[in-house]
Structures are given as C-alpha cells and as structure tokens.
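Everything on this sheet refers to the single structure shown next.
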Amino acid sequence: MYVGQRIRRKEDLKLITGTGRYVDDINLNGTLYLAILRSNIPHARLKKINVEDALKLPGVVDVITGLKISVENRPNNFPMAVDEILYEGQPIAAVLAEDRYTAYDALEYISYDYEELPAVVDPEEAVKDEVKAVEGKSNIAYSKVYKGGNAEKAYESSDVKIEEKFVISRVYPAPMEPRGLVVDFQQDRITVYASTQSPHYMRSYLLSAFPEYDFRVIQADVGGAFGSKLFPYPEDYITVYASIKSRRPVKFVNTRTEELHSTYHSRGQIHHIKLGANKDGKINAVIDDIIIDLGAAWHGFYLADISGTLITGPYDIKNATSTIKGVLTNKVPLDQYRGAGRPEAAFVYERMMDILADELGIDPIELRKKNAIRETPYVNPFGLKYDSGNYLDLLNKAEGFYREMEKTAEELRKQGKKVGVGLSFYIEQNNFGPWESASVRLLSNGKVEVIIGAAPHGQGTGTGIAQIVADELQINIDDVNVVWGDTDKISNAFGTYGSRSLTLAGNAALLAARRLKENIIKLAASFLQSDPEELQYKDGKVINPKSGKMMSLAEIARMATSNLGGTWNYKAEPTLEATASFGLDNYTFPYGSHIAMAEVDETGKVKILNYVAIDDIGVVVNPMLAEGQVDGGIIQGFGEVTMEEIIYDERGNLLTSSFAEYGIPSAVEAFNMKWLYMEEGKSNAPLPAKGIGEGATIGALPAITRAIEKAVGKRITKIPVRMEELI
C-alpha cells in the first residue's frame, strides 16, 4: 500500500537536474518580445500617448496602445489605460521587438500626456465615496450582509462586550518565478504556454475575449504561484493580441519590479468587530464590519465573503453578523493568496478569543474548550456545514504542547528574556470545486498513464495521485506516470487552487482507475475465454482461480494493441482507457491548531524558538508532502506577521517596489517546526482526504501574533507588526 507512506516526489528529477521547462525557457522560431510601459502615477486623465520615436528604434516591430477588452469585474480601462490611469503600474503601451533588450529600451522613447487626478489610498476614506478612484464609479463596488440568529440583541444582552479594530495589510504573493507566457500564433489555432494554475480556465477566458480563434493552453513548469497565477491579467490579453496582430510568436515575462507593481496583491482587510460574552466566557454574539481594499478592480470581493462567513471559526456561536464593503482604491487590484480569506478570518476570531481571555482572566485553552463545537456535522450561523471532526480531541492534543512551551517560556522569562507562547485553533473551508476530472490509460508496455485536470505547480499532487492509482491497480508506483497541464490532454477541468486537487482530482483518478480495472477484466475474460464473474484482479494481474490461467496488465495491453491490420474477434470492447469526474456537494472543513514560542530581542527582532502544528485533514495520502506544505505555509505566515507589507504613500505611490523594500523570510529567519496529524475528520469522498495546502497560513498568523504579544506585553491589532513597535 502506498497511500499513507512518505513517498518522495516523482516530479522533482527534472527540476533538480535543471531540465525543467519554464516559460522563459521556451524559445520559438521568430519570437518577438513584449515589454510593457507602465504608469508611474497612481491616478490621472490620460490625454495622449506619443510612440513615434519608439517605432523608429531599430528592432522595434510595433507599439500597441488603446487596447480595450470587456472582462467581468474589471474597469473600462482594461487591459490598458485608454483614457484614465487607475494605479501605478497599469499598462499604458506595449512594445514588440526582435529582442527583449530592444523592447525595454524602446519604453524610454514613449511619452504620454496626462492630467493628474486625486488618488484614493485609504480604504476607510474610500468608504466615504467623496473622491472617486475608478472611472467616476462609486468606490463601494461590493456590499453584502450575512446574518445568523440575532447578533445585535445577543450582543446588547451580554455581560462582557469587547470592540476592536484589526488591520491586515496587503501582501505580495512573491513566487520565485514571475508571471509570463509565450503565445504561438497559427492561422487556425493559438497555443499559449503559460505560468498558470489553471490552463483550462485560461483557455476559457481567452476564448471569451478572442472568440474567432481556438486556443490550446499548456502549463509550463511553474515556479510557484500561491493563488496569484489563476485569474486573468492585463498582460495575458495584451500578449495574445500582440501575437494575433503580428502573426508571430510573442513572449512576455515580468521583471520582479513589474511583479510588485502588477501581480495581484492580497489580504488588505480591516475588521471592526464586536464580541459579546457571558462572564464565564461563553460567547453569545459576533458582529463584524469588514472593509476589503479591492484596488482598481473588483474581482477579489469574494475573499471578504469567505472571511465574513467563517468569522465564528470552530466555535459554537449562534448569533453572528458580517457586513462587507468592498472598496475601490488607486492600487494594484486584489485577489487570492495562500489561504484566500481564511487566514484573515482566523486572525480576527483568534485575536478576539485571546483578548476575551485576557479581559476575563480565563486560561486561553479553557476559553476555547468552552466555546468549541462539540459535534459534527455542524451548521454555522451563515449556513456553512462543517462536515466532520473531533475538535476537542485535537485541542486537547494541542494543549499538551502549549503547557510544555509555557513552562519553557517561564524559565526563559526568569532569565530576563522576552518570550511568549501563542496558540491558534482554526477551521478551514476548502475543496472549492465544483468538480475535477481524470483519465487513466493502460499503455501498450503495461505501464499506466494518469491525466489529471488539476494543474499542480509544486504541491507534489502528481506523486499523491500516483500513490492512489498504484494502490487501486495494485501495481508498482514506478509504473504510474501522472501528467497534467494541457487543454488538449483532457477536455474539461478546473485547475489547482483552494486546497482541492487531491480531494477532487485524486478521487476522479481513483474512480477512473476502478473503471479501467472493470474494462481490463472484461478484456481478459475474452482473451481467456472466461466469464468475467469468474475472474479475480490481484497484484496487477487478472486471474482465473478455476483454470489457474492469468494475464498481466502488459500482456492484456499487448494483446489488445497488436495484430496491426487484423480483425477484432472478441466480445469485449478494446478499451484501455477510462475517464471519470468527481465533485462533492459540500465544501470540506479541515481544522487544526498551531502553537508558537517567540522571543523578541532588544531591537524588536522576532525569533521563533519552538513551533508545533496539528492538523486533521482526513486520510493523509503522503505525510511527507503534507508536512512540506505545512512547513512552507508556516514560514509564509511568519513573514506576514513580522515583515511582509505592501506600502503606498498618501498619493498612491508604491513604496515597496522591490525586495529591497518588501521583506520576505529567508533561510536565516527559518526555524524548526514539528507537524502532527489526526485522521478523524474524513471527507465523504471515496478516498476521504481533505486539503492541506493552505491550512498552515491560516493557523500561523494568530499563533505567532499571540506569541509576540505575550513576549512584549503589548496588544497587537495590526499585521505585520513592525520592529519599532516591539521595543
């Protein structure tokens, strides 16, 4: 059995040997290079663009301006600024040249005339709607109210009332590889090689924009994404348009500075929250007013919906209201980043739990136990059905680590060190669907190829699915090859995002393998002149117990595919492939707890001394892969709490425009982590697994924040927390 084993990733060999093929490695004959002139002002009326001098530069083929394509939840000035500049970094013009250096040099020869407009930067000011950020529209681009019970009445009748404001700053996803694509124009079809999380979704939105063409999208090797390479970008449309117009292949790859100016930022939420409780700590009501800073488009509004509907967390709170306002500002548009709304919710509800514990003088573990959900399935106030789990059992396990760390921290405090311990207890909504597909093929050499619609890019999903299929077909995992990322390989699919791939694509592959096994048995029955009911499938062979005859998968495949030019003289269909799709009628809800011990030195620098994470994600297909996801997510959470922050000045100029100003954790800041898991909270899938890819960023934010807070004795309501605030 491979499921449950720590199998090394099968997909790593080409990457560690330098034979991976990323977008920038793809070089087609006759390729033109695209460079984008981006606005260096946040908000202005665009009057005129002067490109004549750029066109005179040797090697420049074309300069594109004024491109306008209607895309849902984007402004009229998309994918280029046509008459209004909406944020610093917005595309204004694009140069096509014979080489990349010429293309970027030509940008210096383009000028534009504009009339500067006031920029809207502060999302709380944007709510007032006095100065318009985008094309004269109302700044309030999205509003929604979620209600469960009677939160206002329950709050007013509570013994203890707490009000607080929490600010979760914007962050940049910072994948190792910037965004890019290569577009290969052919008369009847366009092939796009992209650094994307969903080739099928990219094909869909390109077909909508350019309906007269057919598209094939191929996912190149991807150097990280974390949610930032899923939704449509202006550069996607500009590059495709440039290829169509020039009728030649076109390559575009962002520089890192361009990335910070253009790749969708995330988080960017402000929560004004009220919590009402009894004197014994039982929470009666939560009222949350959320402002999400959408930037200069409004496609990221759903992130606040996720946050708002999870604001009661893993706690039995009957009365809750979330009021959401999504506001436009003159900033890079906002969309998902690892966790996508769930880390924001967990940060807020866990901060409130700790504040309530402090106010009442109640042990934070005991307070959580008092309010934790006791039985599942459980429907939260907003109608989300938490599917399965034993929350108290996991919390009890976490308590043991918390108490041990507290003992250690107390000893260190006696030595004069500023050390604190923080714990988070969280729930995650994942399996964002609706479904996923897979095909399983028996090849003529007896090996098995699995084609999945998911599009992993570092998660190790290919190895996990190989484990599932190898177990189902009872064959060696080395005989299973999993492929993905090509819209020609499988017709319909969605991609990799929202901690969904193993649950949906894994189960689709499992069902397809079962169907293939049924087909194989029927074929073997014809070959062995047996009744299918007489046959058994075992260890990759079909056996007739009565006659003792058997056939291996390789023998069945060869017999079905040989005899070129002959006839088919068997009753069974010569089918060596099966396809299946799988979806669930509910989200899955993993849950977990993180415990962190942090030290703050005299300069305000934070060091993590000890860290434990515990998760329940149902069946763990590969603990090594899961642990890797947890480790990476924790480090990213540490970055969000202590250093990562997108900063604009009051005029809308981006101040964190490179890694010199935008800090991300390195190996120097890394620390030891321990991960444990339970398998009680199983999903309703045939293979009852749940996702793990985003859980660590959800648990890390509040745990690390609380540890720092306890170390310095100052309440923390905004992240990242700056070093000078901790002195």
Side-chain angles (χ1 to χ4, degrees), residues 71-74 141-142 144 168-175 177-179 194-202 204-205 222 224-234 236 259-260 262-269 290-310 324 326 329 331-348 426 428-434 454-459 494-501 504 587-588 590 629 632-633 636-637 639-640 644 646 691-698 700-701 719:
V71 177
E72 185 180 20
N73 296 326
R74 272 74 175 171
Y142 180 75
K144 183 86 173 187
I168 305 163
S169 298
R170 278 182 164 230
V171 296
Y172 158 60
E177 178 205 25
R179 291 182 295 110
S195 183
T196 177
Q197 295 177 234
S198 177
H200 286 83
Y201 180 47
M202 176 175 263
S204 176
Y205 67 71
V222 177
F226 309 115
S228 70
K229 296 178 179 177
L230 178 61
F231 291 102
Y233 280 92
D236 301 340
E259 276 278 294
L260 280 147
S262 64
T263 291
Y264 299 145
H265 300 159
S266 198
R267 309 296 190 241
Q269 293 188 14
I290 305 170
I291 299 172
I292 183 169
D293 178 358
L294 296 172
W298 48 99
H299 44 84
F301 67 87
Y302 68 96
L303 298 166
D305 290 335
I306 295 171
S307 300
T309 53
L310 283 174
I324 298 166
T329 57
K331 301 177 185 174
V332 172
L334 194 84
D335 220 302
Q336 65 175 253
Y337 168 58
R338 197 171 193 171
R342 288 94 89 201
E344 298 93 313
F347 178 78
V348 173
Y426 65 93
E428 180 188 0
Q429 177 186 10
N430 67 26
N431 184 52
F432 291 89
H457 41 278
Q459 293 87 348
F494 288 88
T496 290
Y497 54 91
S499 300
R500 67 190 297 276
S501 295
L504 296 182
Y587 300 108
T588 57
Q629 290 293 301
Q636 286 178 298
E640 285 193 56
E644 295 192 41
I646 288 290
I692 188 62
E694 295 164 288
T697 49
I698 299 168
L701 301 189
I719 52 173

message = Parallel, tilted or perpendicular, judged at 30° and 60°: which one describes the rings of Y233 and Y264?
response = parallel
ask   = Among L303, T697, N430, which residue meets the side chain to side chain contact (heavy atoms under 4.5 Å, CB included) test with R342?
value = N430
request  = Could you tell me which residues satisfy salt bridge (charged side-chain N to carboxylate O under 4.0 Å, His left out) with D293, sequence neighbours excluded, listed by chain and number?
outcome  = R170, K331
note = E644 meets the salt bridge (charged side-chain N to carboxylate O under 4.0 Å, His left out) criterion, sequence neighbours left out, with none
On a heavy-atom basis, which atom in [X] and which in [Y] lie closest, and how many Å separate them?
X    : Y    : result
G300 : L294 : C-CD2, 3.7 Å
Y205 : F231 : OH-O, 4.3 Å
Y497 : G433 : OH-O, 3.1 Å

Tell me if a side-chain donor or acceptor on [X] pairs with a main-chain N or O of [Y] at a distance below 3.5 Å.
X    : Y    : result
E177 : P175 : no
S204 : H200 : no
R74  : P232 : yes
T496 : Q197 : no

task = Using a strict 4.0 Å threshold on nitrogen-to-oxygen distance, state whether R338 and E694 make a salt bridge.
result = no
query = Who are the side-chain hydrogen bond (donor to acceptor under 3.5 Å, both in side chains) partners of Y172, not counting sequence neighbours?
reply = R256, E259
ask   = What pairs with R179 under side-chain hydrogen bond (donor to acceptor under 3.5 Å, both in side chains), at least two apart in sequence or on another chain?
value = E235, S262, T263
ask   = Can you name the residues that form a side-chain contact (heavy atoms from CB on, under 4.5 Å) with Y587, not counting sequence neighbours?
value = Q429, F432, F589
ask   = How would you list, by chain and number, every residue that makes a side-chain contact (heavy atoms from CB on, under 4.5 Å) with A696, sequence neighbours excluded?
value = H594, V630, I634
inquiry  = side chain to side chain contact (heavy atoms under 4.5 Å, CB included) for Y302 and Q336? Distances and angles first, verdict last.
reply    = CA-CA 9 Å; Y302 68 96; Q336 65 175 253; 3.0 Å; yes
inquiry  = Are the side chains of I646 and V332 in contact, using a 4.5 Å heavy-atom criterion?
reply    = no
